[in-house]
Amino acid sequence: MALAKLQKILPLVVGVAAIFGCTGVRAGPLSICLSASDVSRIKREFFSTFPDHAAFDNYVDQSKFKLLTNVINGAALQSSGRPVGEKIDWLMTTFDEHKPLFENMKGLDQPTFSYIKGELRGRQLSVDNGRTSTHFPKNECVRDVEFTAVGTQCVMSQRLQNLTFSFIKNENRTILASVGIYFIACQDKKLP
């Protein structure tokens, strides 16, 4: 469990240290902190009509977006450096052509917030100060909010293992930094 937490928080701490290590700045600027209203806006504008190509286009940053998947075609798009538009088109096609896998997903309504405890108060950037919470933390600079869902149905011997949308704030703009979509094998229920 501690290793999983460390693996989740380490990229956040390294990124923050890289940003502020060179400038000597101790407290994170608010232009990179997600607010509770940003999260409400994501829920309203991105997830209320999910999946919606226009919502993806609105939130995706062309230079930062990553597609993380164990599906060969999607992984090839990311590894070959294909344009973001092709990655979003692939996602939309996957959501459309495999609708039963995405029905009754659980978890998208409960985001996880990542932050460095005390960063706004000048606390030392450290893996030890990295935190995640299922409640929006007060007086903290939320760097990342993830909405993660798991599938509930086995369709054609596969099930959605994990679907994660990771949002960050970059220069006062809330962006969709990555989508992770992973499937696992499962046993279809046999008919009597």
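Hydrogens, waters and symmetry mates play no part in the numbers below; they use all other heavy atoms, side chains included.
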Exercise. Going by the side-chain contact (heavy atoms from CB on, under 4.5 Å) test, name the single residue among I168, I32, V39, L34 that passes it with V142.
Key: L34
Practice problem: I would like to know whether F165 and F50 meet side-chain contact (heavy atoms from CB on, under 4.5 Å); could you show each step before the answer? | Solution: CA-CA 12 Å; F165 300 90; F50 179 81; 3.4 Å; yes
Quiz item: Going from CZ on R41 to NZ on K43, what distance comes out if it is rounded to the nearest 0.5 angstrom?
Solution: 13.0 Å
Quiz item: Distance only, no hydrogens: is a donor on one side chain within 3.5 Å (strictly under) of an acceptor on the other, for K87 and Q78?
Solution: yes
Quiz item: Looking at NZ of K64 and CG of N170, how far apart are the two atoms once the value is rounded to the nearest 0.5 Å?
Solution: 4.5 Å
Quiz item: Passes side-chain contact (heavy atoms from CB on, under 4.5 Å), T132 versus D144? Steps please.
Solution: CA-CA 9 Å; T132 60; D144 176 272; over 6 Å; no
Quiz item: Side chains of H98 and V155: does their closest heavy-atom pair fall under 4.5 Å?
Solution: no
Practice problem: Indicate yes or no for a side-chain donor-acceptor contact from T152 to the backbone of N104 under 3.5 Å, with no hydrogens or angles considered. | Solution: yes
Quiz item: How long is the gap from CG on N58 to CD1 on I175, to the nearest 0.5 Å?
Solution: 12.0 Å
Exercise. Taking atom types as modelled, find out whether D38 and S35 have a side-chain donor-acceptor pair closer than 3.5 angstrom.
Key: yes
Exercise. Kindly say whether T134 contributes a backbone atom to a donor-acceptor pair with the side chain of Q110 at under 3.5 angstrom?
Key: yes
Self-check item: Closest non-hydrogen atom pair, N70 against Y182
Solution: OD1-CA, 3.3 Å
Practice problem: Compare every heavy atom of K169 with every heavy atom of C33, then report the nearest pair and how far apart it is. | Solution: O-CD, 3.2 Å
Quiz item: Got more than 12 heavy atoms from elsewhere within 6.0 Å of CG, N172?
Solution: yes
Quiz item: Counting only heavy atoms not in Q62, do more than 12 sit closer than 6.0 Å to its CD atom?
Solution: yes
Quiz item: Going through the distances and angles, do V145 and I42 end up as a side-chain contact (heavy atoms from CB on, under 4.5 Å)?
Solution: CA-CA 10 Å; V145 60; I42 291 166; 4.1 Å; yes
Exercise. For the pair F102 and F95, name the ring-plane relationship: parallel under 30°, tilted 30 to 60°, perpendicular over 60°.
Key: perpendicular
Practice problem: Considering only NZ, NE, NH1 and NH2 on the basic side and carboxylate oxygens on the acidic side, decide whether R131 and E140 come within less than 4.0 Å. | Solution: no
Quiz prompt | Full working for side-chain contact (heavy atoms from CB on, under 4.5 Å) between F167 and F46 | solution = CA-CA 11 Å; F167 292 86; F46 189 83; 3.9 Å; yes
Practice problem: Look up atom OG in S157 and atom CZ in F183, then write down how far apart they are to the nearest 0.5 Å. | Solution: 14.0 Å
